[in-house]
Amino acid sequence: MAKKKTSLFECQHCGYQLSKWMGKCPDCGGWDSFIELNQEQQEVIKKTSKVRTTSSKATPITEVKQDDIIRFSTYNEEFDLVLGGGVVPGSLILIGGSPGVGKSTLLLKVAGSIAASGKKVLYVSGEESMGQIKLRANRLDANHKNLFLLPEIKLEEIQDELLRENYEVVIIDSIQTMYSANLTSSPGSVTQVREITFELMRKAKETNISIFIIGHITKEGSIAGPRVLEHMVDTVLYFEGEASKELRMLRAFKNRFGSTSEIGIFEMTNEGLISAKDIASKFFDKSKAQAGSALTVAMEGTRALILEVQALVSESNFPNPKRSSTGFDLSRLNMLLALLEKKLELPLNDYDVFINISGGIKIKESSADLAVIAAIISSFRDRPISKESVFIGEVSLTGEIKEVFSMDLRLKEAQAQGVKKAIIAKKPNIKLKLQVYDVDEVQKMIELF
Ligand SMILES: Nc1ncnc2c1ncn2[C@@H]1O[C@H](COP(=O)(O)OP(=O)(O)OP(=O)(O)O)[C@@H](O)[C@H]1O
Ligand SMILES: [Mg+2]
């Protein structure tokens, strides 16, 4: 008896799957976005959820031979740091970023450097002509005979090219422009993006080619296409930064071969993106002290960075005062404001409060609490804080100041940047030239301003 066919419909905007057709997607709300997947496409979905790499017979872990990972460099210090020490052969790396942030610039430069080291590199572009890429390569000094360009959007053509030559690195710019002739849906749709990524993954694992895939991100900030893309690839990196400013940051969101806590910091220059030099001074302004600004030292991976917390406290014209925060958690800000009202009796309920962290950094740890409080009080009282002081500490709901991790590293960085005074929870054991003030309660910190 013939096997019964099951129908499967998939939303081409978000990847939501149903057993029957619907006019409106219950997940993303898109209209007329469902298409029926044929049996082959359904097989691909099954395969993408489990990739078999070894025989199905189980082996005791003590007898399993460890894979020796020999990474190769991208010849870009910051990129290597984020990848966990370099590129792993046969890995699939997805790089997402908003339009114009510099994805093509970064990867063309990396492609040129890897090519110059003797590896054959293929740069596939579905967005730009060869002439345009050549122009950029001249500007970036990325010309090398081992770097090959292929302006192509058809997967089958790319596969043929990969059979013709022995490439070790391939760059796909971008996944949303690629399409497979075997599929009816349009380029950039969920089905296309998933199947092409699946084919590329298979190629990477079979032939040990490292593949970088560039992906556009949606307004919500995730890589356009289904979440399954993030599950399939080995590494997901996000390239962030404001196109108007020259600083760019590369973060790992997922990494099968390294930590996700490191960030790469780049500067956009005429010669393209270079590893930011003298990073420390990029995130704070040493010039004149102004009311509403306080310095802290945050950890970004293994790197300590001095950041400036800016606060603006202004009288509110609304019954519900405004609270807004860029780079610092809003609910944490609300908690700190409630604490200031209660412990220091500041009438902040009649004031709008805005917080900003300099340089586009998002602080994810609680060590900046103390600096946020200092900046708010400074703005409220219109009293500037010296640029030679840093505030490092977590503040609890009771107003206690708590110690934070990596304090020695933070203080050493502060000292290296010319800071003279540190206000923290507990004196450290190391000897330092800068003066350390230990305070255990928010009330007591005010006296140190
Ligand atoms: N001649 C130039 N000199 C300096 N900077 C330039 C020059 N041309 C372009 N740029 C910078 O490079 C950025 C564009 O970089 P790139 O094309 O790599 O971005 P992208 O992320 O690939 O964009 P898209 O999403 O459109 O593909 C521009 O925003 C601009 O700041
Ligand atoms: Mg581009």
Side-chain angles (χ1 to χ4, degrees), residues 74-76 78-79 82-83 92-115 121-144 147-155 158 169-179 186-189 192-193 196-197 200 211-225 229-230 233 235-253 263-277 282 359-360:
T74 59
Y75 300 92
N76 182 312
E78 300 288 311
F79 206 155
V82 179
L83 287 172
L92 195 61
I93 301 157
L94 180 63
I95 298 172
S98 41
V101 72
K103 302 177 294 295
S104 307
T105 306
L106 178 67
L107 285 170
L108 187 62
K109 177 71 187 164
V110 163
S113 308
I114 296 176
V121 183
L122 177 67
Y123 191 101
V124 184
S125 179
E127 304 196 333
E128 288 160 305
S129 68
M130 280 220 236
Q132 270 177 300
I133 303 169
K134 173 74 183 170
L135 204 67
R136 184 182 283 136
N138 284 343
R139 182 161 58 86
L140 305 181
D141 190 21
N143 284 310
H144 194 276
L147 174 58
F148 292 74
L149 300 184
L150 179 68
E152 186 54 71
I153 58 170
K154 246 167 109 179
L155 175 71
I158 300 167
V169 176
V170 175
I171 288 147
I172 305 288
D173 187 1
S174 65
I175 190 73
Q176 280 90 4
T177 53
M178 300 295 149
Y179 91 102
S186 58
S189 67
Q192 289 277 5
V193 166
I196 291 165
T197 307
L200 291 172
I211 305 183
F212 292 86
I213 299 174
I214 293 177
H216 293 292
I217 61 172
T218 59
K219 269 188 260 148
E220 293 78 42
S222 61
I223 292 174
L229 256 195
E230 289 170 355
V233 301
T235 304
V236 181
L237 308 178
Y238 279 96
F239 203 34
E240 302 165 352
E242 286 173 44
S244 57
K245 293 195 191 131
E246 73 270 24
L247 269 189
R248 299 282 187 279
M249 268 158 279
L250 187 67
R251 287 174 195 279
F253 168 78
I263 61 165
I265 304 175
F266 301 85
E267 258 179 284
M268 179 64 95
T269 68
N270 256 351
E271 289 80 43
L273 287 152
I274 54 163
S275 304
K277 287 191 195 78
K282 299 276 188 267

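In each ligand, atom 1 is the first atom listed, and ligand 1 is the first ligand listed. In what follows, every heavy atom counts, from backbone to side chain, and hydrogens, waters and symmetry copies are set aside. Since the model is a prediction, treat every value here as computed from it, not as a measurement.
Nearest-heavy-atom check against atom 10 (N) of ligand 1 across R139, R248, Q132, K103 picks out R139. Selection from G100, G215, S174 by nearest heavy atom to atom 29 (O) of ligand 1 gives G100. Comparing L107, T105, I214 against atom 16 (P) of ligand 1, the shortest heavy-atom distance belongs to T105.
Interface of H216 with ligand 1, defined as ligand atoms under 4.0 Å from a residue heavy atom, comprises 25 (O). Ligand 1 places these atoms under 4.0 Å from at least one heavy atom of E127: 27 (O). The M268 neighbourhood of ligand 1 comprises atoms 11 (C), 12 (O), 13 (C), with distances under 4.0 Å to a heavy atom of that residue.
Residues I263 and E78 come closest through the heavy atom pair O-OE1, 4.0 Å. The shortest non-hydrogen separation linking D141 to K109 is O-NZ, 3.7 Å. The two residues V101 and M268 make their nearest non-hydrogen contact at O-CE, 4.0 Å. Contact between R248 and G241 at its shortest, heavy atoms only, is CD-CA, 4.3 Å.
Backbone and side-chain nitrogen or oxygen atoms of G102 are examined, and one is located within less than 3.5 angstrom of a nitrogen or oxygen of ligand 1. Between D173 and ligand 1, a contact under 3.5 Å exists for no N or O pair.
You'll find the side chain of I93 reaches within 4.5 Å of the side chain of L83, heavy atoms only.
Within the 4.0 Å heavy-atom cutoff, R136 counts among the residues contacting ligand 1. The closest approach between G97 and ligand 1 stays at or above 4.0 Å for every heavy atom of the residue.
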(request) Decide side chain to side chain contact (heavy atoms under 4.5 Å, CB included) for I213 and L200; before the verdict, give the C-alpha distance in whole Å, the side-chain angles of both, and the deciding distance to 0.1 Å. (result) CA-CA 9 Å; I213 299 174; L200 291 172; 3.9 Å; yes

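Just one of T74, I95, N76 meets the side chain to side chain contact (heavy atoms under 4.5 Å, CB included) condition when paired with L106; it is N76.
Not a single N, O or S atom of S174, from either the backbone or the side chain, sits less than 2.8 Å from the Mg ion (ligand 2).
Listed for the K103 side chain is a donor-acceptor partner under 3.5 Å among the backbone atoms of G97.
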